[in-house]
Each structure stands twice: as C-alpha cells, then as structure tokens.
Enquirer: 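Can you read through this structure? Questions will come right after.
Below, read A as the first sequence line, B as the second, and so on, with proteins coming before strands; counting in each chain starts at 1.
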Number of protein chains: 4
Amino acid sequence: MGEAAARGRKSIGAKRNPESADAIIEAAEGVLREAGYAGFSIEAVARRARAGKPTIYRWWPSKAALLIEVYQRQKRVETPDTGNIEDDLAGFLKNLFAHWRDTPSGNIFRSLIAEAQSDGTAAAALAEYSKGRRGHTGRMIERAKARGEVAADVDAGIVADLIASYAWRHLLTDRLDEDDAMIRAAVRYVVRGIAPTP
Amino acid sequence: MGEAAARGRKSIGAKRNPESADAIIEAAEGVLREAGYAGFSIEAVARRARAGKPTIYRWWPSKAALLIEVYQRQKRVETPDTGNIEDDLAGFLKNLFAHWRDTPSGNIFRSLIAEAQSDGTAAAALAEYSKGRRGHTGRMIERAKARGEVAADVDAGIVADLIASYAWRHLLTDRLDEDDAMIRAAVRYVVRGIAPTP
Amino acid sequence: MGEAAARGRKSIGAKRNPESADAIIEAAEGVLREAGYAGFSIEAVARRARAGKPTIYRWWPSKAALLIEVYQRQKRVETPDTGNIEDDLAGFLKNLFAHWRDTPSGNIFRSLIAEAQSDGTAAAALAEYSKGRRGHTGRMIERAKARGEVAADVDAGIVADLIASYAWRHLLTDRLDEDDAMIRAAVRYVVRGIAPTP
Amino acid sequence: MGEAAARGRKSIGAKRNPESADAIIEAAEGVLREAGYAGFSIEAVARRARAGKPTIYRWWPSKAALLIEVYQRQKRVETPDTGNIEDDLAGFLKNLFAHWRDTPSGNIFRSLIAEAQSDGTAAAALAEYSKGRRGHTGRMIERAKARGEVAADVDAGIVADLIASYAWRHLLTDRLDEDDAMIRAAVRYVVRGIAPTP
DNA sequence: TCGTAAGCGAGACGGTACGTCCTGTCTTCAG
DNA sequence: CTGAAGACAGGACGTACCGTCTCGCTTACGA
C-alpha cells in the first residue's frame, strides 16, 4: 500500500481526493520513520507519495500542519484506570514512553515540538493539542479527587502540566528507556504532594 | 562593538583570530535575538559578522556547536538560597523564566533543544549540559535535606528533573509569563511530596 | 459586457455556449492588453473570463489557437488607394504601425509570432495568415503595375514580403513610433527599385 | 567535453570558474539544439551542465542573458566583398540563411527574438545587438557608395534595416530554404532603388 | 415526454519550472 | 601560511501554470 498504490492516482473532480491525502500522510510518516526530522521535507514527501508539491501545500499550508495530522493519525496511548492515582499516572507514563519509543509517534512529536520553535503555526497547533491532552490527564486527577486520594483544592491542570513536562523532557533528551522505578518515584513525589493533609 | 568592529578585520596570521571568533558569536546571538531560530543560518551569521562561512565551519563544525557556544557565553541565572526549599525553587524558576524571557538566552536554549532533535552532537551537548544543571539544582535539594525539609531517601536527581522539565515545557510552549502563583503551586506540590513523613 | 456578464453564466445545454466563447476571447484580449504576452496564460484567461480551463481547452487546443482567434477578431487596418504606389505603401505602413501601437493588435500579433517559434500549430496558422496578407499587399502592387508604376516582370509576392518584413521587425523590436520620413524613405527605395526602366 | 567534463567540477576559489561557465553555455546550446526553445529552461540547462541553478543565476540574471551569450559564442557568418553590392548582399543573405539553417544559431536567434517579446532585458539586448549588426551591414552599403553603385544621399541604416528585416522574417516563418533566385530578386529590387539616378 | 448526451463552472490532480536561500566544500589571494 | 571572501554543486523552499480529470449541474434533442 501507500507509495505503490499511488501509481496513476488522479483527481476525482473538483473535490479532495482522499487517496491522495492518505498517500501523502503515509509518505510523511514513512519519511519521518526512515530519515527522521532532518530528512523531512515537503519535496521528499511529495516524491515518496508520488504527489505534486502543490497538492500538499493546498491542504497543509506548512510542514507543521502536515506533522500534526500525521501525529493525530497515530494510535492513542491508553490511559489505565486502576482505582489508584499513583498506578494510573505511572502506568500512563510507562505506556506513553513505550508508545513513543516503539512507534514513529515519538519521532513525529519530537519533530513537531522542534518545528514549533521556529514556526508560529506549529506552535499554535501544539498549544491547541496540549490543551486537549491537559484535560485528558486532568480527568485522571479529578477521578482521584472524587476517590479522596487528592486534596480538593489541587489544581488538576498544574499537576497535568508537571506530568506532561516530565514526559516531554524525556522524549526530547532521548530518555524514553527510563527505568520504571524512576518513573514511579517521580510520580510518587507528585502524588504525595497533592494528597489531602490528614 | 561586534558587527561594527568587524568591519575591516583581517587575518592575524597562523592562529585563530579571537576578534573573528567574538564577532561570530556576537553575530550569532544577534541573529537569534532578532530573527529567532527560524532565521538562524550560518550564512546569516557570516553575513552579520562579516566573516566567511569557512571561518565559521572551521571552528564550529555545525550549527549546533555554534549554538552551544553562544548559549554558554550567556549569563547564568542565579539560584537563591533562602533557607527554605519552596522559596528556593520558586525563586529559581521565577528568575529562570525572567532570564529566558528578557534576554536572548531563552531563544538560544529553545533553538538548541530544537536542533538537538535532528542533530546528534547538539543532543549530546544538551545532555552534557543538562547533567551539569541537574547537579546544580540537586544541590538545592541536598541543602534542604540537610535542613530536614526533605526526606533522606529522596532522589535529588529526580526532583531536579521534575523542576527542569517544568521549566523546559514552559519555554518550549511560550509560557514564560506564567503567573507566580501557578509556579509556586507547582513547586509546592513537589516540595510537599518529598517532605519527610512526620 | 465581458468579464462582468460572465458572472453566473452557465451551460445552455448540449451545445457550445457562444457567450462563454465571447467571454473567453475578450478575456484573452484583455489579458494581452494589460499584462502582455508574459502574463498570457490559460489560467489567467480562464480566471478573467470566469470560465473553466477545460472549456478553453475544449475549443482551443493550445495557447496558439486562442491567440489566433483573438487576432482574427481584431479590426483590420485599412489599405489606402491613392493612385500612387509610394503613397499607398507608406500610408499602409503608417496605418499599420498606428494600429499596432494603439490597439491590443500589436501585442497580440507579437505574441503570435513568439508563440510560433515554439509551437508548430501557431507557426502553421501564422504562415496561413501571412499568405493571405501577402495577397492583400500584392494587390496594391498589381494595381500599380496596371497603372504602369511598376515593371511588369516584378514579383509582387517578393515586394509584399519586403514590406511585411519591414513591418514585422519594427513590431518585434518596439520601433512602431518610427518617423514618417524614415518609413517613406524605406518605401521609396523599394518603389524605385521596382519601377519600369525608362 | 562539456557535460562529461563537468563531473566533479568544483569552485576554484573566490572567482568565477570558467569551466563552469563553459559547461553551462555548452549545455544551453545543447538543450536548444535538441529540445528547441520550448524545452529551454534554466533547470534543463543546469541539469545538463551538472551545475547548480544559483550558479547560472549568478552570472546570467535571465534566460535572455544566457541566450544572448550563447548566440554570441556562435561563429559569425562571413560577409562577402565581391566589389558589387548586389552580389555582396545576396551572398550575405545566402550565407546567413545557410548558417541559420545548418547550425544551432538559427534556433538560438529565433528563441532570442521570441524571448524579447515578453522579457524587457532580452528586448534591450536584442536592440543593442541589432544596432551593431546594422552598422555592419551598413558598411557594405558605404563601400558601394564609395564605388558609385549607391546614391550618396541614401540612408545606409534604412537599407540595412530592409535587408535584416527580410532575413528575420524568413527565419521566423521557417523559410530559410528560400530559393536563391528569390533572394536575389528581393536584393535587386532594393539595390536598384538605391542606385544613383543617371 | 423523458432519458441521455453534451457543455458548463469549478477546482483537484501529478507535474515541471520558476527564482531564492542555504548547506558544506573548495580555491584564491591579501596580509 | 592563515583567514576573508566568495564561487561551487546541490537541494529545498513556496508559487505559478500546465494539461487532464471528475464532479454536479443545466439544457437541447432524439427516441
């Protein structure tokens, strides 16, 4: 599939051809997987997808936009619900690190963050995406609050921030193989810090 | 000084000309300050420093190397010693955010992180640098341990990691104007989490 | 009329819509008038005519074909009949230069000649057109022959060629503002050269 | 030589590399010869010369500039001096037509004229070149004047114009295989027209 | 009377070329 | 014998057109 299927692909009239879109996204993923962010250029993607550059620019105005869509097509990492906040967060981080380590997702997200340092639209998109994820992690905290594991006056957003920051930095400094015990220790420090005072 | 002084600078014979090196580093800093990472190219630096590109490549084999040297020339942010770990860490983060916000340092460090995502030498340099900083922040924790504010079995490295991660993410997502109260809350969560159990 | 009227123009069933054809030709003329040959593209014409590109390609298989039809819609320059061959030819050239200078015709014809240098159909069309014009100018010579102003054995086609060539070159080298006296001198040299030997 | 020799060609320091310039001009000539004006693009020339596009743009700011230099590298057509103006001019045209027909020169010059219809710099360059050629042909006339074959008050420039125009139009309408007798007749008409009145 | 066939505006498609910017390497030459 | 200067091959950028295609619609015409 993908590059091969692209052979002979044509327009399907005055509307977007989903085959082309798919081929382009798959090609983008392939380029990132095989050549990394350094080799990720619109030209390379177009070549691999057997698509014209303007077709890419028509739908994704910047490298960042394409990167985001590629990232969003990736499988989501599952967030456990063990009934215990420490296990939930440690499990989530473990899953996330494994996901980033073993699929192209990690490379893609790293690239997106890097791109955001020089491209405003990437920055905006990343901010948007982060907001969504913050809510997601926030729900874990809220559940724990309901169970009485977390003090009622704790700001779930800040906790989510701490956890996400920890993950980002491990991604950006190539430490996704972090020891489980270390992850758990980091989580424990935070979880203790937000526990209700007895 | 700087770009201006470069006018007419000439070779000083069979050794590295420190005037040139200075002019190049200052030009690099200037480019980063004014055009950001997006506009940071060897060409731009050479143009601004009135230097030849090969002169730059001779001494800094990659953009990353130049970036690192530029970053290391920056003033360090001071780490307070208030006798209280929460105040120490919150003050440190406040100072750090202000430093990154108000000097080119923020732009430079962001660029270095971005560069590290596609350049191995930048990644290595960044890892090296981070190790040093971890020790540095770690000492704050160790002092607190000595004062009995922090449990003895706490891994200072992990705490330093959490704090640094929080800072990085704010830098990378353009949130250096974070409210003091928020910073303090985040710090408090961690500080409480590592306090000795009574 | 023209671009404005095009708004909302639709198919009128299974036959060519003359409104569209007109709008396209007028748009083509407009583009040539305002942007010259350099700006003359099928896209630009379609945009201005509010027509689809395929509608243009359906009826004019190439830029050349459209150019030819546009040129043929132009008003012809009038050929004086003063009873004197020198006045006839000089007047004709003067009129022709003015026509080319003051209407889009000049731009269009220049474009057609240029196009003919890389497009065979344009070349063929131009040859066809030139043959017609040669006959036309030839008649001026024949009239003069009948009046005894021109030797009987003169080849009218060659004379027409000389006159047309002179005109073309002035068009192609932007010398349509040539002095009347110069034009008349050129004509006189030829007219004398074909006069009957006394 | 040419494309082959280009393999591995490098800069020779802070000055123009004549090997590159040669390779580019030869490649340009080759492209024109084999693909004609329609296939003449800077990309194609760069590809064939194994040169970077910027190297071409550095020295020839437009297609026209390159075209002109290519044309000027061509062998000049020789202008006979038979002592008789009719023979001189007819011989010159015959030679010119043969030259244009049998070498790439014809294609190149046609292309240059076409280019001049949409590119101002080409037009200017062509005007400049034409001025030079007009003087050249003019000298044939002046010689004839000195011999008493041509009236003293004849404007040599206008005669040169007539002759050059005749040649251009034959080039542009693909009639370089014109019969010698026809050429001679055209020349005779003009020569008679500028002979001194007895 | 109605189905069908063709023309229409629209615009996406795979491509090619544009002219610019940058990369990292190379050579020359002034000092 | 260094270092500045800048040319070089190459490749990516984002844009403009090319000529082709299909869509969804409208209308004329033949069955």
Enquirer: Which pairs of donor and acceptor atoms, one on a side chain in residues 51-60 of chain D, lie under 3.5 Å apart (sequence neighbours left out)?
Expert:
from: D/Lys53; atom 1: NZ; to: D/Glu43; atom 2: OE2; distance (Å): 2.9
from: D/Trp60; atom 1: NE1; to: D/Glu69; atom 2: OE1; distance (Å): 2.8

Enquirer: Find the distance B/Ile24:CD1 to F/dA5:C1' and express it as a whole number of Å.
Expert: 13 Å

Enquirer: Round to a whole Å and report the spacing from CD1 of C/Ile56 to C1' of F/dC17.
Expert: 13 Å

Enquirer: Show your working on salt bridge (Lys or Arg N to Asp or Glu O under 4.0 Å) between A/Glu34 and A/Arg48 and close with a plain yes or no.
Expert: CA-CA 12 Å; A/Glu34 291 170 21; A/Arg48 182 166 182 145; 3.1 Å; yes

Enquirer: Is any side-chain nitrogen or oxygen of A/Lys15 closer than 4.0 Å to OP1 or OP2 of E/dC13?
Expert: no

Enquirer: Any donor-acceptor pair under 3.5 Å linking the side-chain atoms of A/Tyr129 with those of A/Gln72?
Expert: no

Enquirer: Donor-acceptor check, side chain of B/Arg110 to backbone of A/Gln117, threshold 3.5 angstrom: yes or no?
Expert: yes

Enquirer: D/Glu19 has an atom CD; how far is it from atom C1' of E/dC26, in whole Å?
Expert: 13 Å

Enquirer: Measuring from atom CD1 of B/Ile108 to atom CZ of B/Phe40, what distance do you get when rounded to the nearest 0.5 angstrom?
Expert: 8.5 Å

Enquirer: On DNA chain E, check which nucleotide each of C/Arg58 and A/Ile12 is closest to and give me the residue with the more 5' one.
Expert: C/Arg58

Enquirer: Could you check if a side-chain atom of C/Leu172 sits within less than 4.5 angstrom of a side-chain atom of D/Leu172, using non-hydrogen atoms only?
Expert: yes

Enquirer: Once you round it to whole Å, what is the distance between P of E/dA10 and CG of C/Asn17?
Expert: 13 Å

Enquirer: If you assign each of A/Trp59 and C/Trp59 to its closest nucleotide in DNA chain E, which residue comes earlier from the 5' end?
Expert: C/Trp59

Enquirer: Going 5' to 3' along nucleotides 15-20 of chain E, which nucleotides have protein heavy atoms under 4.0 Å from the base (write B), which only from the sugar-phosphate (write S), and which from neither (write -)?
Expert: B-SBBB

Enquirer: What is the distance from CZ of D/Arg48 to P of F/dG10, rounded to the nearest Å?
Expert: 16 Å

Enquirer: For B/Leu66 and E/dT23, what is the distance between atoms CG and C1' respectively, to the nearest whole Å?
Expert: 14 Å

Enquirer: Would you kindly give the CH2-to-P distance between C/Trp60 and F/dG19, to the nearest whole Å?
Expert: 15 Å

